[in-house]
Amino acid sequence: MARAFLFVLDSFGIGGAPDAEAYGDLGANTLGHIAEQCAAGLADRQDLRKGPLALPHMQSLGLAEAALAASGELPSGWQLAARPRGIHGASGEISHGKDTPSGHWEIAGQPVMFDWGYFPDDGAAFSHELIAAIMSQGDVPGILGNCHASGTEIIASLGAEHMRTGKPICYTSSDSVFQIAAHEKSFGLDRLIKLCETVRGLVDPLNIGRVIARPFVGTPETGFDRTGNRQDFSVPPPAPTLLDQISDNGNRVFGVGKISDIFAHQGVTDLRKASGNAALFEATLKAAREAKDGDLVFTNFVDFDMLYGHRRDVPGYAAALEALDAKLPRFAKVLKPGDLVLMTADHGCDPTWRGTDHTRERVPILGFGPGIAARDIGIRKSFSDIGATVAAHLGLPPLANGRSFL
């Protein structure tokens, strides 16, 4: 028996989803368009990065091959590896949504085959009845926002009014989500968390996937910044997942970052919080040093999506990819014979695409570890093949969905 490590590079799509047109995303390609802008010199930023997109370690595993298989195109400036040294391929998604819970649950063996509830695109996002219930049960004088919005933009525009009135900033996106932003000091972090718990119960009948607490600090004069105290309140997966199977077997599941929130804390035995990709990587290293045979370390690297994809920041996304790639050799040094690392994504968020929302794309699958044979696994139909592979690697019975590529 060995250990398994799952790295989700949040939103790192590689294009080519066969149903992208149905989602308005035909042609979206997160990796492809970032590489294209880097090669053209359009992603240079002083004191951050410059030149073509360079991911030598992921490329050596077979990322170029995976991208070509997924979208039919090589990333600009890249070549195929002479001999890929890792497991490499791509996967489509069968879940109905292109959101974080759907992607992660499908990775863990439970595709979301139902439709989430969503708030209206035009006009007020939330009904008078829902707002009245929030005011009454949440003990707030009203809400601000009530629309589709970018989190950083709506906090910048309404932060001062929020501090003056005590009204929380409430907004949504194309995902099935109700987001609440409030100042950690003037409103209070504990009060924000309690309000989100209240709203979680109020939106359950609407089948909303997540309620997210978005705390921030700062002043109208100096500007506002979101903090690392974000908390997601998700509905639980519809059935047991890979995480439940591992923990029920008596082994540990280390949920690093927002993994535990995404799974409504089901199946996670060890919660490891961290803010930012660099801190998440260090927390993952620490968990890897503690993990025993049969354990899973499951990490979501959120910055790609939260800081760069949604904000349409190509240089920032490229620099973050290059930074994580450069850290991979450090992680390889803590691996033991038989360990398996799988790197993938939960959806796309093409920073060159219209709007600020996720994009329907295939995702890469890259795998490595001492004694793990390199192979081309082609195009997988479902993210659930990833969970099925982890289960097989750990010697567990097959999951309800997915097929191992080992």
Side-chain angles (χ1 to χ4, degrees), residues 5-16 29-39 43 49 51-71 73-91 107 277-278 280-281 284-285 288 299-305 308-309 314-335 339-351 361-370 372-380 383 386 389 405:
F5 302 87
L6 261 177
F7 295 171
V8 174
L9 282 59
D10 200 313
S11 85
F12 187 42
I14 55 176
N29 187 331
T30 300
L31 170 60
H33 288 146
I34 292 172
E36 182 179 65
Q37 293 215 359
C38 289
R49 69 163 313 280
L53 182 65
L55 307 176
H57 301 297
M58 284 189 263
Q59 288 175 256
S60 73
L61 294 172
L63 180 56
E65 286 75 7
L68 178 62
S71 67
E73 298 179 357
L74 272 176
S76 296
W78 286 21
Q79 295 180 341
L80 298 175
R83 182 178 295 175
R85 63 182 183 87
I87 295 171
H88 55 279
S91 179
I107 288 170
N277 279 0
L280 288 162
F281 181 82
T284 304
L285 269 180
T299 303
N300 174 284
F301 291 96
V302 69
D303 286 1
F304 300 113
D305 185 60
Y308 309 118
V314 175
Y317 206 131
L321 285 170
E322 291 167 341
L324 182 61
D325 186 84
K327 294 178 185 294
L328 292 179
R330 281 186 61 204
F331 192 81
K333 290 180 181 178
V334 306
L335 298 179
D339 284 349
L340 173 66
V341 179
L342 291 178
M343 302 174 63
T344 188
D346 52 342
H347 49 71
C349 197
D350 186 340
E361 301 179 46
R362 285 176 169 142
V363 301
I365 300 174
L366 302 176
F368 65 95
I372 300 297
R375 72 200 75 177
D376 182 350
I377 61 171
I379 301 291
R380 317 302 293 194
F383 296 178
I386 298 167
T389 299
F405 44 74

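This one's a predicted model, so the numbers in the text were calculated from it and none came from an experiment. The first residue in the sequence is number 1, and the count goes up from there.
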Q | Any I34 side-chain heavy atom under 4.5 Å of Y308 side chain | A | no

Q | Summary of salt bridge (charged side-chain N to carboxylate O under 4.0 Å, His left out) pairs that have at least one residue in residues 314-331, sequence neighbours excluded | A | R49-E322, E282-R330

Q: Taking all heavy atoms of A288 and all of V334, pick out the closest pair and write down the distance.
A: CB-CG2, 3.9 Å

Q) Taking all atoms of both residues into account, what is the closest heavy-atom pair of A39 and S76, and its distance? A) CB-CB, 3.8 Å

Q.
What's the separation between atom CD in Q59 and atom CG in L366, rounded to the nearest 0.5 Å?
A. 10.5 Å

Q | Rounded distance [0.5 Å steps], OG1 in T344 versus CD1 in I386 | A | 3.5 Å

Q.
Has D346 got a side-chain atom pairing as donor or acceptor with D10's backbone, closer than 3.5 angstrom?
A. no

Q) Which pair of heavy atoms, one from D339 and one from I372, lies closest together, and at what distance? A) O-CG1, 3.4 Å

Q. Under 3.5 Å, is there a donor-acceptor pair between the side chain of H88 and the main chain of G367?
A. no

**Q.** Nearest-0.5 Å distance that lies between atom CG in L324 and atom CZ in F7
**A.** 8.0 Å

Q. Does a side-chain heavy-atom distance below 4.5 Å link V341 with F331?
A. yes

Q.
Quick check for you: to the nearest 0.5 Å, what is the distance between L80 atom CG and L63 atom CG?
A. 11.0 Å

**Q.** Heavy-atom closest pair, residues F304 and L321
**A.** CE2-N, 3.4 Å

Q: Return the orientation label for the Y317 and F12 ring planes: parallel under 30°, perpendicular over 60°, tilted otherwise.
A: tilted

Q: Write down the atom of L61, the atom of P84, and the distance for their closest heavy-atom approach.
A: O-CB, 3.7 Å

Q) Of the non-hydrogen atoms in A70 and R362, which two are nearest, and what is the gap between them? A) O-NH1, 2.9 Å

Q.
Checking the side chain of W78 only, and the main-chain atoms of L53 only, is there a donor and an acceptor separated by less than 3.5 Å?
A. yes

Q | Interatomic distance, I365 atom CD1 to I87 atom CD1 [nearest 0.5 angstrom] | A | 9.5 Å

(Q) Determine whether L9 and M58 satisfy the following criterion, side chain to side chain contact (heavy atoms under 4.5 Å, CB included), listing intermediate values before the conclusion. (A) CA-CA 12 Å; L9 282 59; M58 284 189 263; 4.2 Å; yes

Q: Measure the spacing between CD of E361 and CG of L31 and express it to the nearest 0.5 Å.
A: 9.0 Å

Q) Side-chain contact, heavy-atom cut-off 4.5 Å: E36 with N29? A) no

